[in-house]
Amino acid sequence: MKMNENFFISKAIDPLPYESKWEAPSNIALIKYWGKKKLQIPKNPSLSFTLDKSVTRTSIRFEPSKSGKFNFKFFFNDSLKPDFDDKLHVFFDRIKKYVCWIINYELTIKSINTFPHSSGIASSASAMAALSLAIMDLESYLFNFEKNDFFFTKASFLARIGSGSASRSIKGPVTIWGDNRKISNSSDLYAIEFGKDLNSIFKSYQDIILLVDKESKNVSSTKGHDLMHSNPYAEKRFLQARRNCDSLIPIMKSGDLDAFIKIVELEALSLHAMMMTSNPYYILMKPNTLSIIEKLWDFRKGKNIPACFTMDAGANVHILYPSEYEKQMIPFIDQELSSFCKNKEYIVDQVGAGARKLD
Ligand code: PMV
């Protein structure tokens, strides 16, 4: 069933102490979300692989507030991290309407990531997803309901308010966020699972993340989305993404890998084309990003292996392929691609099943 915004507004209730810990994965988009209306309502649907090993683990201790005011402390890797307070305040202010019971609490939030910062893996996606799940855990305890579809859908809804792509980090192995005429229960408000029709080849996909650059990017995603408002090609891009999404959906069912590659690589390059045609223009790719793409294209032609690339908003390259090609791919990556990475570093990940509660 498709849910509207009113489904997600909870009642106020007396606070009870509680503790909850969740692990949520990052994700890599195949159809890119780039351009939004307010509060992360996307201009086009997006579709992603959920990752497996690249996760955020977040615990929240909820204490009834002694001062009568909502408050939180945020620890990252065991140290108090006030740098994230502004972003978190904005998040809590925005979600209060939907979890109004939260205003009676003081929260101690502790988070770690299993992957390095600025590695081309979206940490805001896994972080906002884990945080939202821990909040929903307390809501389900207070209002005594199961961790059912509503639980995960509302977690995705809250995560979206924190960071759009985070809505896709609750479930796996493939999720879709954004109204789409091919999938009747899809929504701009939250992400849904691709569903049972997913071809099994995609459940075995590997994602090797080549760390070309580990510096923080000089134009943030927030700024990048914003620049789409004045990009002269924006409307065409939203149309292209909608069409690519329409075309990819049957491919995700049939497992046609040649067609899959054509759409995934087109999406990655179209995302970066939007950066280059924004005003002010900018480039996040590095020379080594292009060297990797050329090497991969040569290798694919020579060996007839269905490996392809995608990119996030950064210089790093995600190499995607079915696990049956592992034996050929790992030596190729080690011997021919890792020299384009900072300190020859890359991360080996694969598609995953989605978030889970930790003890
Ligand atoms: O969720 P945000 O605001 O970090 O934007 C994500 C944008 C991309 O990662 C480039 C694409 C996507 O769909 O994940």
Side-chain angles (χ1 to χ4, degrees), residues 2 4-5 27-49 94 120 122 124-125 128 156-157 159-169 174-192 194 217-252 259-285 289-290 293 308-315 318:
K2 195 157 170 154
N4 67 30
E5 211 185 309
N27 68 75
I28 178 69
L30 306 175
I31 302 292
K32 309 290 182 185
Y33 148 63
W34 199 242
K36 60 180 170 184
K37 296 170 234 169
K38 66 176 167 41
L39 281 190
Q40 286 76 251
I41 296 300
K43 289 280 201 172
N44 61 261
S46 55
L47 183 152
S48 52
F49 276 147
R94 287 176 175 170
S124 59
M128 287 300 175
S156 171
F157 172 89
R160 181 210 96 229
I161 293 172
S163 165
S165 56
S167 64
R168 301 188 312 245
S169 270
V174 172
T175 65
I176 299 188
W177 165 47
D179 268 331
N180 178 275
R181 61 192 169 144
K182 295 241 160 171
I183 298 187
S184 59
N185 57 339
S186 60
S187 170
D188 282 349
L189 300 178
Y190 49 82
I192 55 168
F194 188 84
K217 33 189 192 200
N218 46 14
V219 181
S220 69
S221 287
T222 310
K223 180 81 185 146
H225 283 289
D226 214 37
L227 287 171
M228 286 299 277
H229 291 298
S230 57
N231 186 310
Y233 304 102
E235 286 309 319
K236 282 269 189 242
R237 161 62 197 151
F238 303 140
L239 187 65
Q240 177 204 34
R242 272 180 227 127
R243 287 190 177 145
N244 283 343
C245 192
D246 282 353
S247 306
L248 190 60
I249 288 167
I251 292 168
M252 299 306 287
F260 174 82
I261 289 171
K262 287 199 179 98
I263 292 180
V264 169
E265 294 190 345
L266 175 61
E267 276 292 304
L269 294 177
S270 300
L271 168 71
H272 283 261
M274 289 301 105
M275 298 170 191
M276 293 184 221
T277 52
S278 287
N279 190 1
Y281 51 84
Y282 60 107
I283 302 179
L284 295 183
M285 290 189 283
T289 310
L290 295 182
I293 293 173
C308 65
F309 75 87
T310 188
M311 283 179 288
D312 232 321
H318 292 242

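Please read these numbers as outputs of a predicted model, since none were measured by experiment. When a residue number appears, it is its place in the shown sequence, counting from 1.
Summarising the geometry, atom CZ belonging to F238 is positioned 10.0 Å from atom OH belonging to Y33; distances are rounded to the nearest 0.5 Å. Note: I261 CD1 to L266 CG = 13.0 Å, rounded to the nearest 0.5 Å. Rounding to the nearest 0.5 Å gives a distance of 4.0 Å between CD1 of I28 and CG of D312. Summarising the geometry, atom CE belonging to M228 is positioned 12.0 Å from atom OH belonging to Y233; distances are rounded to the nearest 0.5 Å. Put simply, CG on N218 and CG on L284 are 6.5 Å apart, with the number rounded to the nearest 0.5 Å.
Looking at every heavy atom in both residues, F309 comes nearest to A268 through CE1-CB, 3.9 Å. Heavy atoms only, all atoms of each residue included: W177 and P42 are closest at CZ2-CD, 3.4 Å. Scanning all heavy atoms of the two residues, the minimum distance from D188 to G178 falls at OD1-CA, 3.3 Å. When all heavy atoms of A125 and A166 are compared, the pair lying nearest together is O-CB, 3.4 Å. Contact detail for P232 and T277: the closest heavy-atom pair is CD-O, 3.9 Å.
Between W34 and H225, the angle of the ring planes lies from 30° to 60°, which puts this pair in the tilted group.
Put simply, the side chain of K32 does not reach to within 4.5 Å of the side chain of S46, judged on heavy atoms. Between M252 and L30 there is a side-chain heavy-atom pair separated by less than 4.5 Å. Put simply, the side chain of I31 does not reach to within 4.5 Å of the side chain of R242, judged on heavy atoms. Side-chain contact check for I283 versus H272: every heavy-atom pair is 4.5 Å or farther apart. Side-chain contact between M275 and V219 is absent, with no heavy-atom pair separated by less than 4.5 Å. Taking the side chain as every heavy atom from C-beta outward, K2 and D179 approach each other to under 4.5 Å. In this structure the side chain of V174 reaches within 4.5 angstrom of the side chain of F49, judged on heavy atoms. Under the 4.5 Å side-chain criterion, counting only non-hydrogen atoms from C-beta, L189 is in contact with I41.
Judged by distance alone, with hydrogens and angles left aside, the side-chain atoms of S156 form a donor-acceptor pair with the main-chain N or O of S167 at under 3.5 Å. Of the possible donor and acceptor atoms, none in the side chain of T175 sits under 3.5 Å from a partner among the backbone N and O of A191. Of the possible polar contacts, none joining the N279 side chain to the S230 backbone as a donor-acceptor pair under 3.5 Å is found.
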Apply side chain to side chain contact (heavy atoms under 4.5 Å, CB included) to residues R181 and D246 and explain how you reach the verdict. CA-CA 8 Å; R181 61 192 169 144; D246 282 353; 2.5 Å; yes

Apply side chain to side chain contact (heavy atoms under 4.5 Å, CB included) to the pair M311 and L271, showing each step before the final yes or no. CA-CA 8 Å; M311 283 179 288; L271 168 71; 5.6 Å; no

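Screening residues 223-236 for salt bridge (Lys or Arg N to Asp or Glu O under 4.0 Å), with sequence neighbours left out, gives no hits.
A side-chain contact (heavy atoms from CB on, under 4.5 Å) with R160 is found for exactly one of M128, R168, Q40, namely Q40. A side-chain contact (heavy atoms from CB on, under 4.5 Å) with K182 is found for one member of I176, I249, L248 and no other, namely I249.
Side chains of Q240 and R243: a donor-acceptor N/O pair is absent below 3.5 angstrom, by distance only.
For K36, the NZ atom counts as densely surrounded, since its 6.0 Å shell holds more than 12 non-hydrogen atoms of other residues, nucleotides or ligands.
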